Amino acid sequence: MDGWSVERLHADHAQALRMAVEHYDSATDHQRIRVFENPTFGRVMTLDGVVQVTEADNFIYHEMLTHVPILAHGAVRRVLIVGGGDGGMAREALKHEAVEQVTMVEIDGAVVDFCRQYLPGISAGAFDDPRLDLVIADGADFMRQNRDEYDVIIVDSTDPVGPGEVLFTDSFYGHAKARLAEGGILVTQNGVPFLQGEELAGTMRAFRALFADPTCYLATVPTYSGGPMAFGWGTDGDARKVDIGTLRDRFEASGIVTDYYTPEVHLGAFALPPYIARHLG
Ligand code: SAM
């Protein structure tokens, strides 16, 4: 399909986005980066042909992977992001003034450089925030070697093919748990269960062995096609018991303006339909 970016992440289901203007298409040491303009979704970045981020719908994904754990926890000071090269996750995490440090471990420095140039609206200045510590490294290596503690760890990786594969392993999750401070929360990009159910089941198997509270929550992101996306949730704390009144107070105190996240959406996101809940084991 000339003039279209066709995503073939799944065996029997593809997604095509029209490339009205192609801005860039090149390979780094790790993956192929492409950016194009789509009239509906704005600028789109794909890595190895898979949609990573679009200007139009990234707010859903980035708001739900940051504000849910941060507001549920209530006293987050240190955040670790694994992946996140476009800077959108750092953008949302840094909106919390009480967050003192965000460490972001991205394997491909070219993705960061590239997104700063071609997709500046996604990071929206996050890369220049003095609280951001950007580390260019494999997240799995970092997690094995690092000795710091974090209140929230966000795995904002590509899918488990190519460089992202190591971020969906029991050993990675085990090392991540060891980096969590007391009451800390690990959340993960865990694919679209209707098409990637086994991915979620694998993460939940590992989380059941590691955490007192293993589950997932949902949000539908139009360009992660196939239905709701699952976000893995693992913690030994009781952050998921936060009540709506507390969440509303925390959200209001944060002063953060959102387009998807609300305290009501937060609590509702953990209500799982049976076809997804069965992956929790
Ligand atoms: N929102 C996207 C999704 O849900 O698929 C993820 C976007 S973000 C751009 C994914 C990032 O993960 C990329 O920048 C990629 O370079 C990075 N990444 C992949 N494997 C990694 C690894 N092993 N360690 C650190 N970063 C990794």
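No experiment lies behind these values; they were computed from the predicted model shown. All residue numbers in this chain count up from 1 along the given sequence. Start at 1 and go down the list; that is how both ligands and their atoms are numbered. We use all heavy atoms of the structure for the numbers below, so side chains are in, but hydrogens, waters and symmetry mates are not.
- Taking 4.5 Å as the limit, some side-chain heavy atom of Phe142 sits within range of a side-chain heavy atom of Leu80.
- Ligand 1 lies nowhere less than 4.0 angstrom from a heavy atom belonging to Gly162.
- Within 6.0 Å of CZ in Arg8 there are 12 or fewer heavy atoms belonging to other residues, nucleotides or ligands.
- Residue contact annotation: Ser157 has a non-hydrogen atom under 4.0 Å from ligand 1.
- Any N or O atom pair closer than 3.5 Å counts here, and Met45 shares no such pair with ligand 1.
- Residue contacts with ligand 1: Asp138 is included, with a non-hydrogen atom under 4.0 Å away.
- Between Arg34 and Asp25 there is a salt bridge, since a side-chain N of the basic residue sits under 4.0 Å from a carboxylate O of the acidic one.
- Salt bridge Arg144/Asp141: present, at least one basic N to carboxylate O contact under 4.0 Å.
- Within the 4.0 Å heavy-atom criterion, neither part of His30 lies near ligand 1.
- Clustering of Ile, Leu, Val, Met, Phe, Trp and Tyr by side-chain heavy atoms under 4.5 Å joins Tyr24 with Ile33, Val35, Met45, Leu47, Val53, Val111, Phe114, Tyr118, Leu119, Ile122.
- Checked by distance only, ligand 1 and Val111 stay at 3.5 Å or farther apart across all their nitrogen or oxygen atoms.
- In this model, a donor atom of one side chain and an acceptor atom of the other lie less than 3.5 Å apart for Tyr61 and Asp156.
- Note on Tyr224: it clusters hydrophobically with Phe41, by side-chain heavy-atom contacts below 4.5 Å among ILVMFWY residues.
- At a 4.0 Å heavy-atom cut-off, ligand 1 touches Asp156 through backbone and side chain alike.
- The shortest N/O to N/O separation between Asp108 and ligand 1 does not fall below 3.5 Å.
- Any N or O atom pair closer than 3.5 Å counts here, and Gly164 shares at least one such pair with ligand 1.
- Any N or O atom pair closer than 3.5 Å counts here, and Asp86 shares no such pair with ligand 1.
- Polar contact check, Pro163 against ligand 1: a nitrogen or oxygen pair lies under 3.5 Å apart.
- Ligand 1 is approached by Tyr224 to a heavy-atom distance shorter than 4.0 Å.
- With sequence neighbours excluded, no residue forms a salt bridge (Lys or Arg N to Asp or Glu O under 4.0 Å) with Arg278.
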